[in-house]
Protein chains: 2
Amino acid sequence: MTYGSALVVLADPTRREVFERLRTGPRPVNAIAAGMPVSRPAVSQHLKVLKEAGLVEERSEGVRRIYSVRREGLAELRAWIDSFWGDALDAFKLEAESSYQAKKRQR
Amino acid sequence: MTYGSALVVLADPTRREVFERLRTGPRPVNAIAAGMPVSRPAVSQHLKVLKEAGLVEERSEGVRRIYSVRREGLAELRAWIDSFWGDALDAFKLEAESSYQAKKRQR
DNA sequence: ACTTACGGTTAGTCATGACTTACGGAAGCG
DNA sequence: CGCTTCCGTAAGTCATGACTAACCGTAAGT
């Protein structure tokens with residue numbers, strides 16, 4: 001259910017801003033954090049989450065880490081949304097996977 | 001920034017389940033809550049949030065409230081996602097709107 | 001080697017929001 | 001009319017997670 005994680009991860013406004021700042025191209029952490037209302041470590045944490053969700057890639061370049069968007073990370077979310085437009089095939093496929101696990105009780 | 005609210009609202013797994021149960025068609029609250037691991041009031045609260053976000057519609061039928069999906073509520077989110085696929089026009093349009101409001105500091 | 005820029009990690013704080021229980025109003029049924 | 005069903009609202013509890021400050025390692029420049 002990676003479209004679920006994509007939703008969760010992109011729900012936070014600050015994290016979304018971080019993600020959007022990569023739309024125009026790869027950037028080091030410094031450049032992303034510049035001008036943001038939160039501290040640089042906060043941005044680092046958000047990047048970590050984005051990376052774990054497969055929405056972002058990291059590559060090292062000397063002492064800096066260059067982050068960039070991973071479009072494939074958005075693909076499943078896109079398909080999920082599309083499935084609400086009555087595409088019967090996708091709807092069936094997704095519904096089959098999404099039988100609700102009653103796990104929340106076991107907390 | 002309604003794609004933002006859509007993301008926030010759909011991020012919660014329980015609320016997403018509620019939303020997905022409407023994919024196959026309009027349903028009263030009872031039917032939605034049946035078999036879910038949370039109480040009926042919880043479902044009501046989720047429906048309220050979904051409705052405020054424009055993702056769901058409500059119509060009264062006697063004593064029951066019938067909820068159904070509002071596809072238009074997903075349209076902007078869909079467009080936002082698409083804008084990451086290099087559609088220059090959409091990307092420009094969306095970026096123009098999304099200059100980060102430094103509101104978080106004022107909490 | 002010393003220093004400086006870069007950025008990830010940890011610990012601890014605090015606000016947000018998802019949930020339950022209890023309640024209340026509104027419509028159908030006997 | 002009671003009685004029941006349907007469902008929204010209120011109050012209060014508790015877990016989650018976003019953030020800062022402090023710290024550490026690493027690369028590059030002098």
Side-chain angles (χ1 to χ4, degrees), chain A residues 1 4-22 26-53 55-68 100-107, chain B residues 1 4-22 26-53 55-68 100-107:
Chain A
M1 193 177 38
S5 5
L7 283 167
V8 170
V9 164
L10 293 174
D12 182 77
T14 306
R15 191 154 47 220
R16 198 161 56 239
E17 170 69 16
V18 168
F19 187 62
E20 290 192 350
R21 279 178 183 219
L22 294 175
R27 270 169 184 43
V29 178
N30 250 353
I32 301 169
M36 291 211 34
V38 296
S39 69
R40 199 233 354 120
V43 172
S44 259
Q45 286 164 0
H46 285 306
L47 284 166
K48 182 180 184 179
V49 174
L50 285 164
K51 186 182 164 192
E52 284 168 357
L55 291 168
V56 137
E57 272 173 349
E58 182 207 329
R59 123 183 76 103
S60 275
E61 199 158 288
V63 74
R64 28 191 106 175
R65 323 286 174 90
I66 314 289
Y67 285 89
S68 52
Y100 196 71
Q101 277 90 353
K103 269 192 286 191
K104 311 225 40 167
R105 275 297 183 189
Q106 305 171 9
R107 276 203 213 145
Chain B
M1 193 176 41
S5 4
L7 283 167
V8 170
V9 164
L10 293 173
D12 183 77
T14 307
R15 195 182 295 136
R16 197 162 57 239
E17 170 69 15
V18 167
F19 188 62
E20 288 191 351
R21 279 176 184 223
L22 294 175
R27 271 171 184 43
V29 178
N30 250 354
I32 301 169
M36 291 211 34
V38 295
S39 69
R40 202 242 340 129
V43 172
S44 260
Q45 287 163 0
H46 284 307
L47 284 166
K48 182 181 183 178
V49 175
L50 285 164
K51 188 182 162 192
E52 285 168 354
L55 290 168
V56 138
E57 271 174 349
E58 182 206 330
R59 121 182 78 104
S60 275
E61 200 158 288
V63 75
R64 27 193 105 174
R65 322 287 174 90
I66 314 290
Y67 285 89
S68 51
Y100 195 69
Q101 277 89 354
K103 270 193 288 193
K104 310 222 40 166
R105 275 295 181 188
Q106 306 170 10
R107 277 203 213 142

Less than 4.0 angstrom between a side-chain N/O of A:H46 and OP1 or OP2 of D:dC19, yes or no? yes

Given protein heavy atoms under 4.0 Å, the one-letter contact record of nucleotides 5-14 of chain D, with B base, S sugar-phosphate only and - none, is simply -BBBBB----

Short side-chain N/O contact from B:S39 to OP1 or OP2 of C:dT20, under 4.0 Å: yes

According to side-chain contact (heavy atoms from CB on, under 4.5 Å), who are the partners of B:S44, at least two apart in sequence or on a separate chain? B:V29, B:R40

Ring pair (Phe, Tyr, Trp, His ring centres under 6.0 Å) partners for A:F19, two or more places apart: B:F84

Does the side chain of B:L50 come within less than 4.5 Å of B:L22's, by heavy atoms? no

Can you check the A:R59 CZ to C:dG8 P distance for me, whole Å? 14 Å

So, do B:V9 and B:E52 sit near enough that their side-chain heavy atoms are less than 4.5 Å apart? no

For A:R59, is there an ion pair with A:E61 - N to carboxylate O distance below 4.0 angstrom? yes

Comparing A:V8 and A:E61 on DNA chain D - which has the more 5′ nearest nucleotide: A:V8

Sequence neighbours left out, what passes side-chain contact (heavy atoms from CB on, under 4.5 Å) with B:A34? Give chain and number order. none

Base-pair map of DNA chain D as dot-bracket, where | denotes pairing with a different strand and pairs are Watson-Crick or G-U under 3.5 Å: ||||||||||||||||||||||||||||||

Does B:E58 have any salt bridge (Lys or Arg N to Asp or Glu O under 4.0 Å) partners at least two apart in sequence or in another chain, and if so, which? B:K51, B:R65

C:dT20 P sits how many Å from B:M36 CE, rounded? 10 Å

Are side-chain heavy atoms of B:M36 and B:T14 found at a separation under 4.5 Å? yes

